[in-house]
S.K.: 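Dumping the structure here so I can ask a few things about it.
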Amino acid sequence: MDKYEKVFELAKRRGFLWNSFELYGGSRGFYDYGPLGSTLKRRIEQTWREFYVIQEGHMEIECPTIGIEEVFIASGHVGGFSDPLCECMNCKEAFRADHLVENVTDAAGTLSAEDLTKVIREKGVKCPECGGEFGEAYEFNLMFKTTIGPGTGRQGYLRPETAQGMFVDFQRLSRFYRDKLPFGAVQIGKSYRNEIAPRQGVIRLREFTQAECEIFVDPRNKKHPNFERFADRELALYSQKGQQQGETIRMTVREAVETGVIAHEVLGYNIALTNEFLTKVGMNPAKLRFRQHLKDEMAHYAIDCWDAEIETERFGWVEIVGIADRTDYDLKAHARVSKTDLYVYVEYDEPKMVTRFVVKPNMGKLGPLFKGKAKAVADALKQLSEEELSLSKDQIKVTVDGEELTVSSDVVDFAEETVKVSGENVIPHVIEPSYGIDRIFYGVMEHAFDEENVAQKAVESGLKGAEEVEKAEETKKELEAVKGESEGESEEEARLVMHFTSAVAPVQVAVLPLLTRKELADPAKEIVSRLREKSLLVNYDDSGTIGRRYRRNDEIGTPYSVTVDYNTLEDGTVTIRDRDSMRQIRAPINGIENMLYELIYRGRNFESAGKSFNF
RNA sequence: GCGUUGAUGGUCUAGUGGCUAUGACUUGGGCCUUCCAAGCCCAAAACCCGGGUUCGAAUCCCGGUCGGCGCACCA
C-alpha cells in the first residue's frame with residue numbers, strides 16, 4: 001500500500017471522502033465529502049476567507065454556477081476550451097485530430113473540425129493503430145452544456161471556472177469600491193469540467209471547488225503598498241531558469257522581484273501570501289514550491305504565472321494554486337463581446353495640460369449635404385490624422401461603408417487645442433490567485449498523515465513505560481535473531497495520526513469518560529456543552545477502552561483529548577492529552593474551555609496548560 | 001477513449017464449479033476504580049451489476065460499472 005492508498009483508506013473509513021453515487025455503482029470524477037471531510041474542507045475555505053476577505057479586503061461575491069453562452073464566448077471557453085477528436089471507424093480509437101495532420105499540413109492547431117476532416121480525407125491519413133479509416137473530426141468541448149428554460153431554451157453552460165463572475169460583475173464591483181484601484185473580489189464555489197478521463201482521486205474531478213481571487217490593479221503601478229510584510233520571506237522558487245537547470249532556488253521575495261525572477265511586487269506579494277496560507281492549513285513547507293510557467297505553457301496574454309505545487313508520494317509534484325498576471329485580457333474580451341467599455345477612470349495627481357489635435361466637422365453644413373450619412377461622414381472625418389487633413393487641400397476623401405466620398409474642406413475645422421485633462425480611463429490588469437480546494441484538501445490529508453511506531457514515540461516523549469517498552473523491543477529483537485530472518489517485519493504497533501493544524505482539524509477536542517459509567521459520563525457531558533459554548537468542535541466518545549479512543553481520535557486528527565476519571569470527582573481536575581506528543585497534563589475543569597481555546601487559537605504552549613502528568 | 005489489471009462484511013483478506021462463504025481488525029450493546037488499539041460476555045455485518053454456460057456459478061464465458069497502472073487527454 002502506498003501513501004495514497006493509506007490516506008484514501010483512512011479517508012473512506014473515517015468519513016472524509018467517499019465515492020459519489022456508490023449505491024448505484026458510482027461515477028468517475030465525482031466525490032462526496034463525508035462528515036469530517038466536509039468540516040475539514042469548510043475550515044480550509046474559512047481559513048482562505050480569513051486571508052483573502054478579512055485580511056486582504058477582497059470581498060466575496062457569489063454568482064450562478066450556470067452561465068449564459070455570451071460569457072463563455074467572451075472568455076474563450078466556447079471556442080477554445082475544446083479539442084478536436086477523431087475516431088477510427090475500425091478500432092474505435094480516438095485521436096487528437098490536429099495531431100494526426102501535424103506532419104501533412106501547416107498550422108494544424110488552428111484548423112476547424114471541418115477543415116481537419118477535409119485534410120484527413122485528402123491526405124489519406126489512416127489510423128496509426130490499425131490502419132483503418134477515420135470518421136469525421138468533431139470538437140469535444142470540456143464544458144457541460146445545459147438548456148436554460150423550457151423547450152429549446154437558451155444555451156447555457158456549467159461554469160468551468162469561477163473567475164468569469166468577477167469579470168462580468170466588473171462595473172458593479174468598481175462602483176462598490178468607489179472606482180478606486182486597486183480592488184479585488186473573490187469567489188469560492190463549484191466549477192465543472194467534463195474531463196475525458198478523470199483520474200487520480202480528488203486531483204482531477206468533473207465537479208470541483210475553486211477559490212479564486214481577481215485583483216484589479218493599475219497597469220502602470222504594480223508596486224504593492226504592503227510589500228514589506230513578506231519582503232524578507234524566503235520562498236522555494238522553481239523558476240524558468242531553475243527548471244532548465246533542474247534546481248529549486250530559495251530566495252526572498254524582495255530578491256526575486258528585484259532580480260526580475262518574479263515580474264513585480266503585486267505578484268510577489270501574492271505568491272508569498274499563498275505560501276503563508278498553504279503552510280497555515282498544514283502543507284509541509286519542505287514539500288512546497290512555486291514553479292514558474294515556461295514561456296510556451298503560459299497563456300499568450302499573461303505576463304508571468306506561478307503555480308504553487310506540493311509534493312505527493314504517488315503523483316509527484318501537483319499544482320494546487322495558480323497565480324497569474326492576466327493583464328487586461330479578460331476585461332477587454334468582455335468589453336468586446338458585450339460592447340461595453342470596461343475601465344476605471346483614474347484621476348491624475350495634478351491635472352495635465354494636453355495639446356491635441358481636434359477635428360470638428362461642421363454638422364450644419366454636412367447635414368444638408370449628406371443627409372442620413374452625415375453622422376457616419378463626420379465620424380470618418382474625426383478619425384483622420386493631422387497629416388492626412390493638412391495634405392488634402394480643398395478636397396478631403398473619406399471612405400464610408402466602402403463608398404469613397406469627397407468632402408470640401410470648408411465643412412470641417414481642425415486645430416490644435418490645449419485642454420486640461422484631470423485623469424484618464426484605465427483598463428486594469430488582473431492578478432489572479434486561483435486555488436483548487438479539492439487538491440489542497442488531498443494535500444492537507446497526505447501531508448498530515450503519519451504512521452508512527454508507538455514504542456519509539458513513547459521514548460521520544462518520555463512517557464511512562466518507555467523503559468519497559470525498550471526492553472521488550474530488545475528481547476523481541478533477540479528472539480527474532482534466534483528465529484532468523486523468517487519474519488522480517490515484526491508486529492510493531494503502529495499509530496496512524498493525522499497531524500492537522502488546529503486551524504483546520506475537523507474535531508478540535510475529544511471528551512472521554514474513562515469508563516462508561518454515569519458518575520464519569522455526567523461531568524464529561526457537562527464539559528462538552530461548555531466547550532460547545534465556545535464554538536469548539538467537540539467529539540464525545542465513550543465506546544471501547546481509553547486507548548482505543550485515543551487512537552480513534554489520532555486517526556481523525558483531534559489535537560486534544562480531555563479525559564474524566566475518578567480523580568476528577570475528588571479534585572475537579574481532568575487530563576488533557578496532546579495528540580502529537582501523546583503527553584498529558586492535569587488541569588482543573590474550572591476554566592477548561594478557555595484553556596483549550598487558548599491552546600487551539602492562541603498557540604498557548606501545551607506544557608504551560610497544567611501539571612505534567614504521567615500514568 | 002484504448003490497452004492492461006483488479007473487484008468477497010465498515011476495512012484488509014481466505015476460498016476458484018458442489019457450504020450454512022474463511023479469518024483478523026473495526027463497529028454496536030453490556031461488564032470493568034483508572035490512561036495509549038492486546039480484559040470478559042453478547043451481537044451485527046459481505047461474494048460489483050446484467051446476461052450466458054451448467055443439474056448447480058462468488059468461482060467459467062460475454063457485456064457493463066467502478067478502482068489501479070500505461071497510452072492519449074488535461075491544470
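Chain letters run A, B, ... following the sequence lines, proteins first and then strands; every chain starts at 1.
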S.K.: May I ask you to say what A/F208 touches in the nucleic acid, namely base, sugar-phosphate or nothing, with a heavy-atom cut-off under 4.0 Å?
M.R.: nothing
S.K.: Could you work out, with side-chain contact (heavy atoms from CB on, under 4.5 Å) as the rule, every residue matching A/S191, not counting sequence neighbours?
M.R.: A/R159, A/T162, A/F208, A/Q210
S.K.: Quick one: list whatever passes side-chain contact (heavy atoms from CB on, under 4.5 Å) with A/A524, sequence neighbours left out.
M.R.: A/V511, A/P513, A/Y540, A/V564
S.K.: If pairs are Watson-Crick or G-U with both distances under 3.5 Å, what is the dot-bracket string of RNA chain B, marking crossing pairs with [ ] and pairs to another strand with |?
M.R.: (((((((..(((.....[....))).(((((.......)))))....(((((..]....))))))))))))....
S.K.: By the salt bridge (charged side-chain N to carboxylate O under 4.0 Å, His left out) test, which pairs, at least two apart or in different chains, include something from residues 556-567 of chain A?
M.R.: A/D565-A/R586
S.K.: Which part of the nucleic acid, if any, lies within contact of A/E555, taking any heavy atom under 4.0 Å across all strands shown: a base, the sugar-phosphate backbone alone, or nothing?
M.R.: base
S.K.: Any side-chain N or O of A/R579 under 4.0 Å from OP1/OP2 of B/C36?
M.R.: no
S.K.: Name the nucleic acid region contacted by A/G436, choosing base, sugar-phosphate or nothing; use a 4.0 angstrom heavy-atom cut-off, strictly under.
M.R.: nothing
S.K.: Please state the P separation for the pair B/A75 and B/U65 - nearest whole angstrom.
M.R.: 25 Å
S.K.: Holding to side chain to side chain donor-acceptor pair (under 3.5 Å), I want the full list of residues that pass it with A/E22, two or more places apart in sequence or in another chain.
M.R.: none
S.K.: Determine whether a donor-acceptor pair (one donor, one acceptor, N or O, separation below 3.5 Å) exists between the side chain of A/Q584 and the base of B/C35.
M.R.: yes
S.K.: Scan A/S434 against the nucleic acid and name what it touches under 4.0 Å (heavy atoms): base, sugar-phosphate only, or nothing.
M.R.: nothing
S.K.: Here's a test of your reading of the structure: between A/D554 and A/Q210, which maps to the more 5' nucleotide of RNA chain B?
M.R.: A/D554
S.K.: Which part of the nucleic acid, if any, lies within contact of A/E319, taking any heavy atom under 4.0 Å across all strands shown: a base, the sugar-phosphate backbone alone, or nothing?
M.R.: base
S.K.: Closest approach of A/T312 and A/E446, non-hydrogen atoms and distance?
M.R.: CA-OE2, 3.3 Å
S.K.: For nucleotides 4-13 of chain B, print each protein N/O atom paired with a nucleotide N/O atom at under 3.5 Å, atom names and distance only.
M.R.:
residue : atom : partner : partner atom : Å
B/U11   : O2'  : A/E9    : OE2          : 2.8

S.K.: Any salt bridge between A/K41 and A/E45, counting N to O under 4.0 Å?
M.R.: yes
S.K.: For B/G64 and B/G1, measure between their P atoms and round to the nearest Å.
M.R.: 10 Å
S.K.: Take the protein atom CD of A/E313 and the nucleotide atom P of B/C69, then report the distance between them rounded to whole Å.
M.R.: 13 Å
S.K.: Within the structure shown, what part of the strands sits under 4.0 Å from A/L514 by heavy-atom distance: base, sugar-phosphate, or nothing?
M.R.: base
S.K.: For the CG atom on A/N590, are there more than 12 heavy atoms of other groups (residues, nucleotides or ligands in this structure) within a distance under 6.0 Å?
M.R.: no
S.K.: It should be established whether A/R517 places a side-chain nitrogen or oxygen under 4.0 Å from OP1 or OP2 of nucleotide B/U33.
M.R.: yes
S.K.: Output side-chain donor-acceptor pairs under 3.5 Å for residues 29-37 of chain A, partner residues at least two apart or in another chain, one line each.
M.R.:
residue : atom : partner : partner atom : Å
A/D32   : OD1  : A/S20   : OG           : 2.6
A/Y33   : OH   : A/D438  : OD2          : 2.6

S.K.: Write out a two-atom table: protein N or O, nucleotide N or O from nucleotides 64-66 of chain B, distance below 3.5 Å.
M.R.:
residue : atom : partner : partner atom : Å
B/U65   : O2'  : A/G25   : O            : 3.0
B/C66   : OP1  : A/R28   : N            : 3.4
B/C66   : O4'  : A/G25   : O            : 3.2

S.K.: What residues, two or more places apart in sequence or in another chain, satisfy side-chain contact (heavy atoms from CB on, under 4.5 Å) together with A/I546?
M.R.: A/L512, A/L514, A/R549, A/Y550, A/T563
S.K.: Could you please name the option among B/G68, B/C35, B/A37 that lies closest to any side-chain atom of A/R551?
M.R.: B/A37
S.K.: Applying salt bridge (Lys or Arg N to Asp or Glu O under 4.0 Å), can you list everything that pairs with A/K525, at least two apart in sequence or on another chain?
M.R.: none
S.K.: Can you tell me if A/R548 touches the phosphate of B/A38, counting only side-chain N or O atoms and a distance under 4.0 Å to OP1 or OP2?
M.R.: yes
S.K.: Students often get this wrong, so: under 4.0 angstrom with heavy atoms, is A/N567 touching a base, only sugar-phosphate, or nothing?
M.R.: base
S.K.: Measure the distance from CD on A/E432 to P on B/A75 and round it to the nearest whole Å.
M.R.: 14 Å
S.K.: Report the residues that fulfil salt bridge (Lys or Arg N to Asp or Glu O under 4.0 Å) with A/E195, sequence neighbours left out, ordered by chain and then residue number.
M.R.: A/R204
S.K.: Output all residues satisfying side-chain contact (heavy atoms from CB on, under 4.5 Å) with A/A272, sequence neighbours left out; order by chain, then residue number.
M.R.: A/F230, A/V253
